[in-house]
Amino acid sequence: MKTGELTQKLAEMQKATEAGRLQWRVDIQTTEGNEEKYTLEEDGRVWTVDECYVSYRCQFRGADFGMITYEMIKVSGEEVRTVNYVFLPPSGIGLFSLHTLMEHSIEADAGLISQIHVLWTLLMDPARRGSGQTSLRITEASVNIEEDM
């Protein structure tokens, strides 16, 4: 699927979600709350690294939809850098591993990343309210950049 096609599909899914017609399962694996952080040296500076994987799953127009996003957040002082990947793996692949997912990546431009953020925001509201429209599961992860890159 091309970037523009996915952006359009996500916009349609957003409308269906707002209308209460889609039920979502969102699984998150993040290092954000970890006490120990991974660091790396880059550009002569030390960067603290967090990773976050998010798996979005639902039934849309009678078919399974699955998308996994990955964000690496690097912080050094006041500067923040992010790297984003978007994956459309077959339904049997749900591992949070860059090595496994990379062959299922699609190009992620600013428009697609923005649309994914809109979907994220939309799905977190019912999850917080416990409405049942979004099933949310969050797990802690250890940073494994060296293994995955």
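Heavy atoms only: backbone and side chains are in, while hydrogens, waters and symmetry mates are out.
- Annotation: side chain of Ser55 is not in contact with side chain of Arg25 (no heavy-atom distance under 4.5 Å).
- Hydrophobic clustering (ILVMFWY, side-chain heavy atoms < 4.5 Å, transitive): Met1 and Leu10 are in one cluster.
- Atom CZ of Arg45 has more than 12 neighbouring heavy atoms from other residues, nucleotides or ligands inside a 6.0 Å radius.
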Could you go through Met102 and Phe87, starting from their C-alpha distance and side-chain angles, then the distance that decides it, and tell me whether this counts as side chain to side chain contact (heavy atoms under 4.5 Å, CB included)?
CA-CA 7 Å; Met102 199 53 79; Phe87 309 99; 4.2 Å; yes
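- Between the CD1 atom of Ile106 and the CG atom of Leu6 there is a distance of 4.5 Å, given to the nearest 0.5 Å.
- For Asn84, the side-chain hydrogen bond (donor to acceptor under 3.5 Å, both in side chains) test picks out no residue, with sequence neighbours left out.
- Within the model, atoms CG of Leu22 and CZ of Arg61 stand 9.5 Å from one another, a figure rounded to the nearest 0.5 Å.
- The pair Asp43-Lys74 fails the salt-bridge criterion, with no side-chain N (NZ, NE, NH1 or NH2) lying under 4.0 Å from an Asp/Glu carboxylate O.
- Within 6.0 Å of CD on Glu12 lie more than 12 heavy atoms contributed by other residues, nucleotides or ligands.
- Here the CG atom belonging to Leu119 is positioned 6.0 Å from the CE atom belonging to Met67, to the nearest 0.5 angstrom.
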Asp50/Asn34 under side chain to side chain contact (heavy atoms under 4.5 Å, CB included): CA gap, chis, key distance, verdict:
CA-CA 9 Å; Asp50 272 312; Asn34 294 5; 5.7 Å; no
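- Atom CD of Gln23 has more than 12 heavy atoms from other residues, nucleotides or ligands within 6.0 Å.
- The CH2 atom of Trp47 sits 12.0 Å away from the CE atom of Met72 when rounded to the nearest 0.5 Å.
- Here the CZ-NZ distance, from Phe60 to Lys9, works out to 6.5 Å after rounding to the nearest 0.5 Å.
- For the pair Glu5 (side chain) and Lys2 (backbone), a donor-acceptor distance under 3.5 Å is present.
- For the pair Cys58 and Trp24, the tightest heavy-atom approach, listed with the atom from each and the gap, is SG-CH2, 3.7 Å.
- Remark: Arg21 engages no residue in a side-chain hydrogen bond (donor to acceptor under 3.5 Å, both in side chains) (not counting sequence neighbours).
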Under the side chain to side chain contact (heavy atoms under 4.5 Å, CB included) criterion, do Ile116 and Tyr56 qualify, and how do the steps go?
CA-CA 10 Å; Ile116 292 169; Tyr56 301 86; 3.9 Å; yes
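- The main-chain N or O of Glu107 is found under 3.5 Å from a side-chain atom of Thr3 such that the two form a donor-acceptor pair.
- Within 6.0 Å of the CD atom in Glu36, the count of heavy atoms belonging to other residues, nucleotides or ligands does not exceed 12.
- Looking only at distances, no side-chain donor or acceptor of Ser114 sits under 3.5 Å from a matching main-chain atom of Ala110.
- The side-chain heavy atoms of Ile28 and Phe96, taken from C-beta on, include no pair separated by under 4.5 Å.
- A continuous path of hydrophobic side-chain contacts links Leu123 to Ile138 [ILVMFWY only; heavy atoms under 4.5 Å].
- Follow the hydrophobic side-chain contacts under 4.5 Å out from Tyr53 and you reach Val83 in the same cluster.
- The heavy-atom pair separating Ile73 from Val80 by the smallest distance is CG2-CG1, 3.9 Å.
- The shortest side-chain heavy-atom distance between Thr69 and Trp120 does not fall under the 4.5 Å cut-off.
- The two atoms that bring Gly66 and Leu88 nearest to each other are O-CD2, 3.6 Å, heavy atoms only.
- When the side-chain hydrogen bond (donor to acceptor under 3.5 Å, both in side chains) test is applied to Gln115, the partners found at least two apart in sequence or on another chain are Gln14.
- With rounding to the nearest 0.5 Å, the separation of OG in Ser105 from CD1 in Ile68 is 12.0 Å.
- Here the shortest heavy-atom pairing between Ile113 and Ala108 reads CD1-CB, 3.8 Å.
- A donor-acceptor pair under 3.5 Å is formed between the side chain of Thr30 and the backbone N or O of Glu51.
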